[in-house]
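To keep things clear, I will list the structure first and then write my remarks on it.
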Amino acid sequence: QVQLVESGGGLVQFGGSLRLSCLASGSSFENLALGWYRQAPGKQREWIGHIGWGGDTAYLGSVKGRFTISRDNAKNTMYLDMNSLQPEDTAVYYCSQGFSKGRLFRPDSWGQGTQVTVSS
């Protein structure tokens with residue numbers, strides 16, 4: 001069982017930047033496919049993007065070009081760099097571990113989430 005812990009959330013102004021981290025343990029990190037999701041109040045959880053074990057990435061259209069997913073296998077950590085943040089990016093952000101193939105990502109486990117709030 002993979003354990004995932006997110007960090008780095010907080011309050012940021014419109015147009016600002018934030019970096020989220022996801023620390024994974026319990027399995028060989030370099031073999032994991034990892035993803036980011038978010039859930040805004042009153043909305044369903046949505047996929048943002050993911051990174052495969054080989055470093056290939058895929059993104060939701062509305063965040064492509066603003067958000068970047070990366071991984072550091074030496075630190076067992078995945079990152080989500082968010083730029084040009086907008087109020088509609090306000091949500092609880094979750095990292096997940098699962099299966100990926102191209103743009104397909106199927107989550108198997110989740111972190112506890114971290115709150116991101118963008119003020120207008």
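A 6.0 Å sphere centred on CD of Q112 holds more than 12 heavy atoms belonging to other residues, nucleotides or ligands.
Nearest heavy atom pair, residue S120 against residue F14, reads CA-CB, 4.2 Å. The two residues L4 and A24 come nearest to each other via the heavy atoms CD2-CB, 3.6 Å. Among all heavy-atom pairs drawn from T77 and K75, the shortest one is OG1-O, 2.7 Å. Contact detail for G49 and I69: the closest heavy-atom pair is C-CD1, 3.3 Å. Nearest heavy atoms, A58 versus G102: CB-O, 4.2 Å. Closest approach of Y59 to F67, counting heavy atoms only: CE2-O, 3.4 Å.
In this structure, the side chains of L85 and L18 come closer than 4.5 Å at one or more pairs of heavy atoms. Put simply, the side chain of L32 reaches to within 4.5 Å of the side chain of S27, judged on heavy atoms. The closest side-chain heavy-atom distance from W36 to S96 is not below 4.5 Å. Looking at L104 and F99, their side chains come closer than 4.5 Å, going by heavy atoms from C-beta outward. A 4.5 Å side-chain heavy-atom check between W47 and F105 finds at least one atom pair inside the cut-off. Put simply, the side chain of E6 does not reach to within 4.5 Å of the side chain of S21, judged on heavy atoms. Using a 4.5 Å heavy-atom cutoff, the side chains of T114 and L20 are in contact.
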Trace of the side-chain hydrogen bond (donor to acceptor under 3.5 Å, both in side chains) decision for Y93 with R38: CA-CA 4 Å; Y93 283 70; R38 66 186 179 188; 3.0 Å; yes
Derivation of the side-chain contact (heavy atoms from CB on, under 4.5 Å) call for V116 and M82: CA-CA 10 Å; V116 172; M82 304 184 291; 4.0 Å; yes
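Judged by a 6.0 Å distance limit and a 45° cone about the ring axis, R71 is not positioned over the six-membered ring of Y79.
Looking only at distances, no side-chain donor or acceptor of R106 sits under 3.5 Å from a matching main-chain atom of K101. Checked by atom type and distance alone, the side chain of H50 never pairs as donor or acceptor with a backbone atom of G98 at under 3.5 Å. Q39 places no side-chain N or O within donor-acceptor distance of the main-chain N or O of Q44, the cut-off being under 3.5 Å. Put simply, the side chain of R66 gets close to the backbone of S84: a donor and an acceptor are under 3.5 Å apart. No side-chain donor-acceptor contact under 3.5 Å links T90 to the backbone of E88.
With no hydrogens or angles considered, a side-chain donor-acceptor pair links S17 and N83 at under 3.5 Å.
To the nearest 0.5 Å, atoms CG (L23) and CG (D72) are separated by 11.0 Å. For the atom pair L80 CG and R19 CZ, the distance stands at 9.5 Å (nearest 0.5 Å). Expressed to the nearest 0.5 Å, how far CG of D56 lies from OG of S100 amounts to 6.0 Å. Atom CD1 in I51 sits 11.5 Å away from atom SG in C22 (nearest 0.5 Å).
A ring-centre distance under 6.0 Å is found for Y37 and W110.
Here the rule is side-chain hydrogen bond (donor to acceptor under 3.5 Å, both in side chains) with S109, and of Q97, Q1, Q3 only Q97 fits it.
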